[in-house]
Amino acid sequence: MMNSSRPAPGDLVEDAAVVIDGLRVKRGRTTVLDGLDLHIPRGQVVGLLGPSGCGKTTLMRSIVGVQRVAGGRVEVLGQPAGSVALRHRVGYVTQAASVYDDLTVRQNLAYFRAVLGAGKADVDRAIEATDLGPNAGQLVSTLSGGQRSRVSLAAALLGSPDLLVLDEPTVGLDPLLRVELWGLFHRLADGGTSLLISSHVMDEATRCDRLLLMREGAILADTTPEELLAETGAADAEGAFLTLLRRHHPRHALAEGVEDADGTENGEDAR
Ligand SMILES: Nc1ncnc2c1ncn2[C@@H]1O[C@H](COP(=O)(O)OP(=O)(O)OP(=O)(O)O)[C@@H](O)[C@H]1O
């Protein structure tokens, strides 16, 4: 079933990395999330996919505890989101690289390691994991966009957090580097880390263990890549997402003229 990982009343969710119950968030005058329920399993790579502005960053900010919420419950690793006990257990990489331009890669990581109180060996481990060895002595201001975002990722790996929340970590990276990063994400998950990774590149969906497809603040599907394709009959994640959109918003302009996975026109009566 598509929503099998959502918590139902009475479900055992102790095993979840994140449990969200009735989350409501307003940003400015907009209600971005309006009663969202979610259950993110531990030790898996979970993709959060959806179009720009659907609320992915807002959801991630709520999970890491930096978003003011209007209602509901967000529990992370058994603690309320944002609690002090989670400070070293949750790593968050925002879309904008949050490292110092006037320090080298290694100096940045040494600084964040000291702030976190992580072991000294962590710096080399993080540099190696993100393939930044050749750039370790380079000032961040002189790095390419992709290299800069890898420095932020390296900083998030310091201290080996139990949950990594990564907001579009592969944007601007070349295909080879993307594949390598997805390999790293899965190695981290194999070692027990839980990862929530947002993207609006639909073909990255197939690289995740589980998928959350989001649209206008709601979770359209909470599933696996295999289930998603089987259930929609689509050939790829993009087609599957369009099929789901049409089911939920049959009159949606986006769907107009788009062919369904079965080759039929996207009219109101196609399903
Ligand atoms: N500070 C803010 N004040 C008012 N509205 C905001 C604010 N930040 C975000 N929003 C609105 O909240 C909605 C969700 O934004 P959010 O950044 O969570 O989307 P997103 O799915 O992460 O988008 P993207 O993929 O483009 O980063 C959008 O409609 C956005 O315009």
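Ligands are counted one by one from 1 in listed order, and the atoms in each one are counted from 1 as well. Every heavy atom of this structure was used, including side-chain atoms; hydrogens, water molecules and symmetry mates were not. Here the structure is a predicted model, which is why all the values come from computation and not from measurement.
- Listed by chain and number, the residues in a salt bridge (charged side-chain N to carboxylate O under 4.0 Å, His left out) with Arg178 are Glu204 (sequence neighbours excluded).
- Within a 6.0 Å radius of CD in Glu238, no more than 12 heavy atoms belonging to other residues, nucleotides or ligands are found.
- Residues forming a ring pair (Phe, Tyr, Trp, His ring centres under 6.0 Å) with Phe241 (at least two apart in sequence, or on another chain): none.
- Leu157 and Arg125 get closest at one heavy-atom pair: O-NH2, 3.0 Å.
- Applying the salt bridge (charged side-chain N to carboxylate O under 4.0 Å, His left out) criterion to Asp101, with sequence neighbours excluded, gives Arg148.
- Ligand 1 lies under 4.0 Å from heavy atoms of Arg27, Gly28, Val32, Pro51, Ser52, Gly53, Cys54, Gly55, Lys56, Thr57, Thr58, Gln95, Glu168, His200.
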*Quick one: do Asp167 and Thr94 satisfy side-chain hydrogen bond (donor to acceptor under 3.5 Å, both in side chains)? Show the steps, please.*
CA-CA 5 Å; Asp167 202 347; Thr94 61; over 6 Å; no
